[in-house]
Protein chains: 2
Amino acid sequence: MRDEDWATATAILRLASELVEGIQSGLAERGYDDVRPAHGFAFVRLSAVPATTAQLAEYLGITKQATSELVHHLIARGYLARRPDPSDRRAQLLVLTDRGRACTRAAEQAAAETVDSWRNRLSTEQFAELQSALHAIARPGRLRPAW
Amino acid sequence: MRDEDWATATAILRLASELVEGIQSGLAERGYDDVRPAHGFAFVRLSAVPATTAQLAEYLGITKQATSELVHHLIARGYLARRPDPSDRRAQLLVLTDRGRACTRAAEQAAAETVDSWRNRLSTEQFAELQSALHAIARPGRLRPAW
DNA sequence: CCATTTAGACAGGGAACTTGACCATATGGT
DNA sequence: ACCATATGGTCAAGTTCCCTGTCTAAATGG
C-alpha cells in the first residue's frame with residue numbers, strides 16, 4: 001500500500017515534468033523562446049483579471065521585488081503592458097498584450113499536445129476516469145511553480 | 001476538448017506542487033530541514049544503485065560541477081558517503097548513509113500522506129482507477145526536477 | 001492633518017546553476 | 001610499450017533568480 005502510494009507520487013512528478021518540458025519545447029518551436037515556466041503562471045493570473053505587481057507577487061508566492069523584475073522582463077519583451085489604475089495613482093495594472101495572449105494560447109496548445117499523448121496511452125473510458133479523478137482531487141486556487 | 005485538456009494539465013501541476021510542498025513540510029517536521037527537492041531526486045537515484053558524481057549529474061540533468069557541489073553538501077550533512085570505485089581509481093561511488101536512508105524513508109512517508117489525502121477525496125474504485133491510469137501513462141526513467 | 005500603510009523601485013547579497021580550464025587516471029590504436 | 005584522446009572530479013568566474021533592507025510617493029484612517 002505504501003509502495004503503491006510512492007509509485008503514484010512519482011507518477012505525478014514524472015507527468016508534471018513531462019508536461020512542463022512539453023510546454024517549454026512547444027513554446028520554443030512556436031517562437032517563444034524567452035519565457036520561463038514562472039512567466040506562464042503570471043500569464044495565467046493576468047489572463048483572467050488584470051492585477052498590480054503586488055497582487056501578482058502574492059499570487060506567485062515570491063516577493064514584490066522579484067515580481068517587479070519579472071514584470072520588467074515581460075514588458076521589455078512585449079508580453080505585458082501597464083495601464084494606470086483608476087483607483088490608485090501609485091499602482092499600475094498589468095495586462096497581457098496581443099503577443100502575451102498569443103503566447104498564452106500557444107502554451108495551452110502545447111499543453112494539450114502533451115495531454116493528448118497521455119490520452120493515446122489509455123482507453124477512452126480510462127482517460128475520462130482519469131480526467132474526472134484529477135479534477136476532483138486538484139485543489140483550486142493559485143497555480144504556482146512547484147519548487 | 002481543448003479546455004478539458006488545459007484543465008487536466010493544470011490539475012497535474014497543482015497536484016505536483018501540493019505533493020512537493022507536502023514532502024518538504026513533512027521532512028521539516030521530521031527534522032530534515034536541510035534538504036531540497038533536488039536532493040530527493042539524488043536519493044532516489046542512489047538508493048537503487050550507487051553512482052559516481054558524473055552518473056548522478058547525467059541523471060539529474062545538471063552539470064558535473066553543480067552535482068559536485070550538491071554532493072559536497074549532502075556529505076557534509078551526513079546523508080551521503082564516498083566509497084572507492086574498484087574499477088576506476090579516479091572515481092568514487094556515492095552511497096546513502098543510514099541518515100540518508102532514513103531521510104529517504106521519511107520523504108516516502110510524507111509523500112504517502114499527501115497521496116492518502118487524495119485517496120480520501122475519491123471513492124475506492126475511483127482512486128484505484130486513478131492509480132492504474134497514472135501508472136499506465138507515466139514514462140519510466142529518470143525522475144528529475146520539473147523545472 | 002498627521003501617523004501609518006501600501007505600491008513600486010533601487011541596492012546589495014546569496015544560492016544554485018552555468019561555461020571554461022585544469023589535473024589525474026583510463027582507454028584504445030599503433 | 002607508448003602516446004593521443006576521453007573521462008572523473010575539482011577550481012574559478014560569471015549569470016540568473018531569488019532574497020532582505022531601504023527608500024519615495026501616494027493612499028488611508030484616526
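Chain identifiers are assigned alphabetically (A, B, ...) following the order of the sequence lines, protein sequences preceding nucleic acid strands; residue numbering begins at 1 within each chain.
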> Between atom CG in A:L70 and atom P in C:dG8, what is the gap in whole Å?
Replying inline: 14 Å
>> Just to verify, what does A:F43 make a ring pair (Phe, Tyr, Trp, His ring centres under 6.0 Å) with, not counting sequence neighbours?
In response: A:Y79
>> Are B:Q131 and A:D5 packed together at the side-chain level, in the sense that at least one heavy-atom pair is separated by less than 4.5 angstrom?
In response: yes
>> Please enumerate all residues that pass ring pair (Phe, Tyr, Trp, His ring centres under 6.0 Å) together with A:H135, with sequence neighbours excluded.
In response: none
>> Suppose we screen for salt bridge (Lys or Arg N to Asp or Glu O under 4.0 Å). Which residues come up paired with B:R36, at least two apart in sequence or across chains?
In response: none
> Looking at residues at least two apart in the chain, or sitting in another chain, which of them share a ring pair (Phe, Tyr, Trp, His ring centres under 6.0 Å) with A:H73?
Replying inline: A:H39
>> If I take atom CG in residue A:L94 and atom C1' in nucleotide C:dG8, what distance separates them, rounded to the nearest angstrom?
In response: 11 Å
> Below 4.0 angstrom from OP1 or OP2 of C:dG8, is there any side-chain N or O of A:H72?
Replying inline: no
> A:E69 has an atom CD; how far is it from atom P of D:dT15, in whole Å?
Replying inline: 14 Å
> Is the number of heavy atoms from other residues, nucleotides or ligands within 6.0 Å of CZ (A:R89) greater than 12?
Replying inline: no
> What's the CZ-P distance between A:R82 and C:dA7, to the nearest Å?
Replying inline: 15 Å
> What's the NE2-P distance between A:H39 and D:dT16, to the nearest Å?
Replying inline: 12 Å
> Okay, side chain of B:T114, backbone of B:L19: is any donor-acceptor separation there less than 3.5 Å?
Replying inline: no
> Where the side chain of B:S68 is concerned, which of D:dT10, C:dG8, C:dA16 is the nearest nucleotide?
Replying inline: D:dT10
Give me, pair by pair, the N or O atoms of the protein and of nucleotides 27-30 of chain D that are less than 3.5 Å apart, along with how far apart they are.
from: D:dA27; atom 1: OP1; to: A:R89; atom 2: N; distance (Å): 2.8
from: D:dA27; atom 1: OP2; to: A:R89; atom 2: NH2; distance (Å): 3.3

> Got a salt bridge between B:R139 and A:E21, using NZ or NE/NH1/NH2 to carboxylate O under 4.0 Å?
Replying inline: no
> side-chain contact (heavy atoms from CB on, under 4.5 Å) between B:E129 and A:L130: does it pass, once the steps are laid out?
Replying inline: CA-CA 7 Å; B:E129 288 160 358; A:L130 172 67; over 6 Å; no
> Looking at residues 54-67 of chain B, who's got a heavy atom less than 4.0 Å off DNA chain C?
Replying inline: B:I62, B:T63, B:Q65, B:A66
>> Under 4.0 Å, heavy atoms only, any strand: does B:H73 hit a base, just the sugar-phosphate, or nothing?
In response: nothing
> Using a cut-off of less than 4.0 Å, is there contact between a side-chain N or O of B:T52 and OP1 or OP2 of D:dG8?
Replying inline: no
